[in-house]
Amino acid sequence: DAKTTQPPSMDCAEGRAANLPCNHSTISGNEYVYWYRQIHSQGPQYIIHGLKNNETNEMASLIITEDRKSSTLILPHATLRDTAVYYCIASPQYGNKLVFGAGTILRVKS
Amino acid sequence: DGGITQSPKYLFRKEGQNVTLSCEQNLNHDAMYWYRQDPGQGLRLIYYSQIVNDFQKGDIAEGYSVSREKKESFPLTVTSAQKNPTAFYLCASSSLAGVGTQYFGPGTRLLVL
């Protein structure tokens with residue numbers, strides 16, 4: 001599985017968009033980009049995933065660069081409840097495990 | 001309500017004691033996983049199972065054992081051979097067609113007395 005690099009922490013004002021970057025320069029053609037988040041002392045929650053096209057769901061948008069070496073998770077209107085650790089993972093869709101790194105701590109402030 | 005349940009929420013282990021953590025899912029998922037999380041760290045895979053009566057070691061299987069006798073259940077035993085068991089344990093499941101989309105339980109926090 002490709003290694004991903006994320007900033008250790010970010011701050012965002014409540015109501016503003018939160019843009020979380022992720023570098024995955026060694027991603028291979030069959031690897032998807034997955035995003036999860038983990039609120040303190042809870043299990044991780046799946047957010048979104050994509051291969052090469054941009055994706056959007058009710059929680060977030062995922063923008064993947066054309067060369068697929070990086071991506072950005074966008075929370076369009078961050079709330080205090082979005083404060084969590086966000087994990088970016090590159091993995092084959094039919095692999096057997098996800099590799100969770102340290103992630104990015106997002107703090108949403110009022 | 002479909003989902004994954006883990007019990008207990010907190011578990012205390014004495015030195016030399018084996019303890020078993022429960023994980024049940026009613027999502028009709030074929031695959032189930034156990035992860036360990038230490039403070040400030042990401043998750044590390046202990047064991048996974050893609051089908052009943054079959055399971056494979058993950059990255060840190062030493063000192064742990066599992067069974068998969070039913071599709072819905074994947075209990076994890078932390079044996080006395082695991083010298084540093086204090087951690088947050090997370091169970092997850094997925095359909096075989098979407099291994100990257102895993103659904104997690106609320107976790108069990110294991111503490112050593």
Side-chain angles (χ1 to χ4, degrees), chain A residues 1-9 22 24 27-52 55 57-60 62 64 71 73 84-107, chain B residues 2-7 9-10 21 23-25 27 29-51 54-61 74 87-111:
Chain A
D1 294 357
K3 178 178 170 58
T4 62
T5 304
Q6 300 177 253
S9 66
C22 179
H24 31 79
I27 196 169
S28 59
N30 70 335
E31 288 183 318
Y32 284 68
V33 178
Y34 292 89
W35 282 85
Y36 283 75
R37 73 179 182 184
Q38 186 176 23
I39 296 170
H40 183 63
S41 293
Q42 297 183 20
Q45 176 189 25
Y46 164 81
I47 301 173
I48 198 168
H49 75 282
L51 184 63
K52 54 184 177 181
E55 302 287 345
N57 63 20
E58 64 279 4
M59 289 183 67
L62 174 60
I64 303 174
S71 60
L73 179 75
V85 179
Y86 286 78
Y87 298 99
C88 170
I89 302 166
S91 178
Q93 187 176 17
Y94 300 103
N96 55 28
K97 65 178 182 180
L98 296 175
V99 178
F100 287 80
T104 295
I105 299 172
L106 175 68
R107 299 184 187 92
Chain B
I4 299 180
T5 57
Q6 291 186 242
S7 61
K9 188 171 183 177
Y10 296 95
L21 284 61
C23 177
E24 304 277 333
Q25 56 98 359
L27 300 167
H29 283 166
D30 292 296
M32 296 187 74
Y33 313 81
W34 273 105
Y35 293 88
R36 168 182 171 139
Q37 187 174 36
D38 293 288
Q41 307 294 315
L43 282 66
R44 291 185 290 169
L45 184 66
I46 304 173
Y47 269 98
Y48 64 99
S49 166
Q50 294 186 312
I51 196 168
D54 187 48
F55 47 82
Q56 286 77 41
K57 293 181 179 180
D59 300 318
I60 55 165
F74 191 40
F88 190 41
Y89 290 87
L90 290 154
C91 179
S93 71
S94 71
S95 67
L96 280 181
V99 172
T101 308
Q102 296 185 11
Y103 294 86
F104 284 81
T108 292
R109 198 166 295 278
L110 177 61
L111 300 168

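Keep in mind that this is a model prediction, so the values were computed, not measured. In what follows, chains carry the letters A, B, and so on, assigned in the order in which the sequence lines appear, proteins first and then strands, with residues in each chain numbered from 1. Values below: all heavy atoms of this structure, side chains included; hydrogens, waters and symmetry mates excluded.
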Name the region of Leu90(B), side chain, backbone, both or neither, that has any atom closer than 4.5 Å to a heavy atom of chain A. side chain
Centre-to-centre under 6.0 Å for Phe74(B) and Phe55(B), is that the case here? no
Looking at Gly58(B), is its backbone amide N or carbonyl O close enough to the side chain of Trp34(B) to form a donor-acceptor pair, meaning the two atoms are under 3.5 Å apart? no
Could you look at Gln37(B) and say if it's the side chain, the backbone, both or neither that has a heavy atom under 4.5 Å from chain A? side chain
Does either side chain, that of Tyr86(A) or that of Gln6(A), offer a donor lying less than 3.5 Å from an acceptor on the other one? no
Between Tyr33(B) and Ser94(B), do the side chains contain a donor N or O and an acceptor N or O under 3.5 Å apart? yes
Checking heavy atoms, do the side chain of Tyr35(B), its backbone, both or neither come under 4.5 Å from chain A? side chain
Of the backbone (N, CA, C, O) and the side chain (C-beta and beyond), which part of Arg44(B) lies under 4.5 Å from a heavy atom of chain A, both, or neither? neither
